[in-house]
Amino acid sequence: MDDKRRQHIEPASKRPHERPLGAVEMMYSAAEIGARVGALAADIADAMGPDIMVVAVLKGGFVFTADLLRALHHHGVHPRIDFMTLSSYGTGTESSGEVVITRDITDDVRGAKILLIDDILESGRTLAFARALLQERGAEMVRLCVLLDKPEKRKTDLNADYVGFSIGDAFVVGYGLDYAHYYRELPFIGTISTD
Ligand code: IMP
Ligand code: MG
């Protein structure tokens, strides 16, 4: 592997609550992500117009959402923004399938054109749950935007309207995405071996 695309991490440790260790291999650099986020913002602004509400799914969606919002600003979009923390129980690389709200939005969504943003679409259960909830509460429209899509892992018939990158069945970290609560701060997206 090209050494510049590998993040070197200190020697292995077995103590609890420490970052799980392994080598992270870069998949998309910060520059590649930035370019893609700019293009997505242009598409979203064209299709949805300036007057939208953004609902970002935490925790994983926070970095992508922050960058996408600023890119949307350059296209004249001035959204309201709210956050919802959803959890599908589990700290490893497989989720359980049961989605729970650990922090709800506080804004009124009735009549809103919503852009629902998450880090990654895998089984589709998280976003299917969130979209249904917003629709039940009276949103006029809910469009889905994800940084990453893993179509091979889908367990629902859900698809995103806006996708940053479509990837295979790798476990990825960085740019908001975690492995066991770590690695969210990496400015790039990389794969991690979890064996
Ligand atoms: P879904 O409900 O199966 O679509 O799962 C989506 C959620 O699982 C995402 O919001 C992430 O929190 C998590 N997830 C799925 N794949 C990955 C991954 O490769 N890295 C980190 N988190 C992931
Ligand atoms: Mg998530």
Side-chain angles (χ1 to χ4, degrees), residues 5-7 9 18-30 32-33 36-37 40 54-69 81-105 114-136 142-195:
R5 292 184 80 89
R6 182 190 279 266
Q7 167 108 342
I9 292 170
E18 288 203 344
R19 183 168 64 161
L21 299 166
V24 179
E25 188 179 347
M26 194 184 293
M27 183 181 263
Y28 297 108
S29 69
E32 288 164 337
I33 297 167
R36 190 68 195 111
V37 168
L40 276 177
V54 164
V55 174
V57 178
L58 299 177
K59 300 176 185 169
F62 80 109
V63 177
F64 176 46
T65 300
D67 284 348
L68 186 64
L69 281 172
I81 170 136
D82 206 345
F83 301 91
M84 178 184 283
T85 309
L86 297 176
S87 168
S88 44
Y89 279 124
T91 53
T93 58
E94 293 290 335
S95 76
S96 69
E98 187 198 348
V99 182
V100 292
I101 306 175
T102 55
R103 182 205 177 274
D104 205 344
I105 55 169
I114 294 182
L115 183 68
L116 178 59
I117 302 178
D118 202 358
D119 52 0
I120 185 162
L121 177 57
E122 201 179 76
S123 71
R125 291 188 192 106
T126 305
L127 285 178
F129 173 90
R131 184 175 67 176
L133 189 73
L134 297 170
Q135 284 168 337
E136 273 166 33
V142 182
R143 297 250 169 101
L144 306 180
C145 176
V146 294
L147 174 67
L148 296 166
D149 186 11
K150 288 189 199 173
E152 291 165 33
K153 301 276 277 186
R154 200 78 85 253
K155 299 275 195 300
T156 62
D157 61 4
L158 194 90
N159 279 305
D161 300 286
Y162 306 100
V163 173
F165 304 99
S166 188
I167 63 171
D169 181 16
F171 193 81
V172 290
V173 296
Y175 200 71
L177 290 137
D178 74 308
Y179 171 52
H181 307 298
Y182 286 94
Y183 299 110
R184 295 190 196 275
E185 83 289 0
L186 299 179
F188 56 88
I189 297 164
T191 52
I192 185 168
S193 65
T194 56
D195 310 326

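When a ligand or atom number is given, it counts from 1 through the structure's own listing order. Values in this document were obtained by computation on a predicted structure and should not be read as measured data. Just so it is clear, the values below take in all heavy atoms, side chains as well, and ignore hydrogens, waters and symmetry mates.
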If you round to the nearest 0.5 Å, how far is [atom2] of [Y] from [atom1] of [X]?
X    : Y    : atom1 : atom2 : result
R103 : D82  : CZ    : CG    : 5.5 Å
F83  : D104 : CZ    : CG    : 13.5 Å
L116 : R131 : CG    : CZ    : 9.0 Å

### Query
What about V172: any of its N or O atoms under 3.5 Å from an N or O on ligand 1?
yes
Close approach, [X] and ligand 1, non-hydrogen under 4.0 angstrom:
X    : result
K153 : no
G60  : no
I120 : yes
G61  : no

Heavy-atom contacts with [X] under 4.0 Å: which atoms of ligand 1 show up? List them by number with element.
X    : value
D119 : 9 (C), 10 (O), 11 (C), 12 (O)
G124 : 1 (P), 3 (O), 4 (O)
A170 : 19 (O)
S123 : 1 (P), 2 (O), 3 (O), 4 (O)
D118 : 10 (O)
T126 : 1 (P), 2 (O), 5 (O), 6 (C)
L177 : 20 (N), 21 (C), 22 (N)

## Note on the structure
From the list D67, V146, L68, side-chain contact (heavy atoms from CB on, under 4.5 Å) with L40 holds only for L68
### Task
Going by the side-chain contact (heavy atoms from CB on, under 4.5 Å) test, name the single residue among E152, R154, K153 that passes it with E122.
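With E122 as partner, side-chain contact (heavy atoms from CB on, under 4.5 Å) holds for just one option, K153.
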### Message
Show the nearest heavy-atom pair for residues S88 and T126, with the distance to one decimal.
### Response
OG-OG1, 4.5 Å
### Task
Mind listing the closest non-hydrogen atom pair of D178 and V173 along with its distance?
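D178 and V173 have their closest heavy atoms at C-CG1, 3.9 Å.
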### Option with minimal heavy-atom separation from atom 19 (O) of ligand 1, where the choices are R154, E122, K150
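Answer by nearest heavy atom: K150.
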Got a list of side-chain donor-acceptor pairs under 3.5 Å for residues 161-170, not counting sequence neighbours?
unit_1 : atom_1 : unit_2 : atom_2 : d
D161   : OD2    : L144   : N      : 2.8

### Task
Check for a donor-acceptor pair, side chain of S123 on one end and backbone N or O of K155 on the other, with a separation under 3.5 Å.
no
